[in-house]
Each structure stands twice: as C-alpha cells, then as structure tokens.
Amino acid sequence: TNKRAVKQPRGPILVRGMARFMETKQLANRLQEEKRLREEAVFNFNTRYKGHTQPYTIPKPFKLSKNNVQKDKHKQLKKQLHEEQHKTCTFRPETLERTNRDLIKRILDDE
C-alpha cells in the first residue's frame, strides 16, 4: 500500500472548459430572459391594454343594411355629381348611331 500524502494545490484549481461552460450558461440565461419578456409583452393583457377593464371584446349589435334614407341620399349625390361632370363636357361626336337614334326618336315623337 502507498501511504504517501496527496499534495494539496496552492492557489486556484484549473478546470478545463469551465470558461466555455459559464459562457454558454450566461447565454442560456439571457435567451430565457428575452423569451420571458417577449411572452409578457404579447400575452399579458394587463400591461398591454391599460385602458380596458376586460381582456376580451365586448360584442355590440350590428346593422346588415343601411337606411333607405341614406341610400336615397347617396344616389341623389351620385346623380348630382354625374350631372355636374357632364355639364362641362361640350364635345358631342357625330356618328351614324347618333343620327339613327335621333331619327328614331323623331319618328316616335311624331306618333
């Protein structure tokens, strides 16, 4: 048997790969913290919607069609706009169709 005493090292003990281990551990901690912050920003309703008391949409009644008054008003405004645009048009092309139409109109008006 060997009865010699084991030498105790003086000063710090060198462990190979310890620096890389600590570096990867710090990186993992940083990534985990970033993930936690992203999740908190996305899923935490209390901080995201500060003015709202409920974290969900409150349903309200909706209308499937407009009022007839609104439809009539819209049609009238559209017609007025169309008429105003045509007042500025001074060009009337002379085509065979136009002369035929005028002739038919005169014949029908005479009857």
Side-chain angles (χ1 to χ4, degrees):
T1 63
N2 190 1
K3 297 199 179 202
R4 287 191 309 179
V6 178
K7 291 183 183 177
Q8 293 295 326
R10 297 177 192 205
I13 302 172
L14 178 65
V15 178
R16 294 178 188 258
M18 185 63 133
R20 178 69 181 148
F21 171 78
M22 294 305 288
E23 183 182 332
T24 55
K25 187 168 181 153
Q26 286 176 350
L27 178 65
N29 287 340
R30 191 180 84 226
L31 291 175
Q32 187 175 9
E33 179 64 20
E34 288 175 0
K35 180 182 176 186
R36 185 189 66 78
L37 290 174
R38 279 194 312 272
E39 287 176 351
E40 184 177 311
V42 172
F43 298 115
N44 193 354
F45 291 110
N46 295 333
T47 59
R48 188 170 180 197
Y49 303 106
K50 291 188 178 182
H52 302 287
T53 56
Q54 291 95 3
Y56 52 86
T57 304
I58 300 171
K60 293 182 180 180
F62 56 91
K63 297 178 183 177
L64 292 177
S65 62
K66 293 183 180 178
N67 235 346
N68 284 339
V69 175
Q70 289 176 337
K71 286 181 184 179
D72 293 341
K73 192 173 186 178
H74 180 70
K75 284 181 183 179
Q76 184 180 9
L77 289 173
K78 197 172 185 178
K79 185 178 178 182
Q80 285 177 354
L81 180 63
H82 184 70
E83 288 174 359
E84 287 176 12
Q85 288 175 347
H86 280 282
K87 282 181 184 178
T88 59
C89 294
T90 57
F91 176 70
R92 289 183 64 178
E94 290 295 327
T95 61
L96 291 177
E97 183 62 34
R98 180 161 188 81
T99 55
N100 290 341
R101 191 174 346 122
D102 290 341
L103 180 63
I104 294 171
K105 188 175 182 181
R106 272 190 277 142
I107 292 171
L108 291 175
D109 286 343
D110 289 342
E111 291 179 2

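Hydrogens, waters and symmetry mates play no part in the numbers below; they use all other heavy atoms, side chains included. Along the sequence shown, residues carry numbers from 1.
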Would you be so kind as to tabulate the donor-acceptor pairs closer than 3.5 Å made by side chains of residues 73-87, with sequence neighbours excluded?
residue: H82; atom: NE2; partner: H86; partner atom: NE2; Å: 3.1

Residues clustered with I104, ILVMFWY side-chain links under 4.5 angstrom: L108
Kindly list each side-chain donor-acceptor pair under 3.5 angstrom involving residues 11-23, sequence neighbours excluded, with atom names and distances?
residue: R20; atom: NH1; partner: E23; partner atom: OE2; Å: 3.2

Co-members of the apolar cluster containing L31 [side chain, <4.5 Å]: L27
From CG (D110) to NZ (K105), nearest 0.5 Å: 12.5 Å
Pairs meeting criterion side-chain hydrogen bond (donor to acceptor under 3.5 Å, both in side chains) with involvement of residues 28-39, two or more places apart: E33-R36, R36-E40
Shortest non-hydrogen separation from L96 to T99 and the atoms involved: O-OG1, 2.7 Å
Co-members of the apolar cluster containing I107 [side chain, <4.5 Å]: L103
For L37, the rest of its hydrophobic cluster, which grows through side-chain links under 4.5 angstrom: none
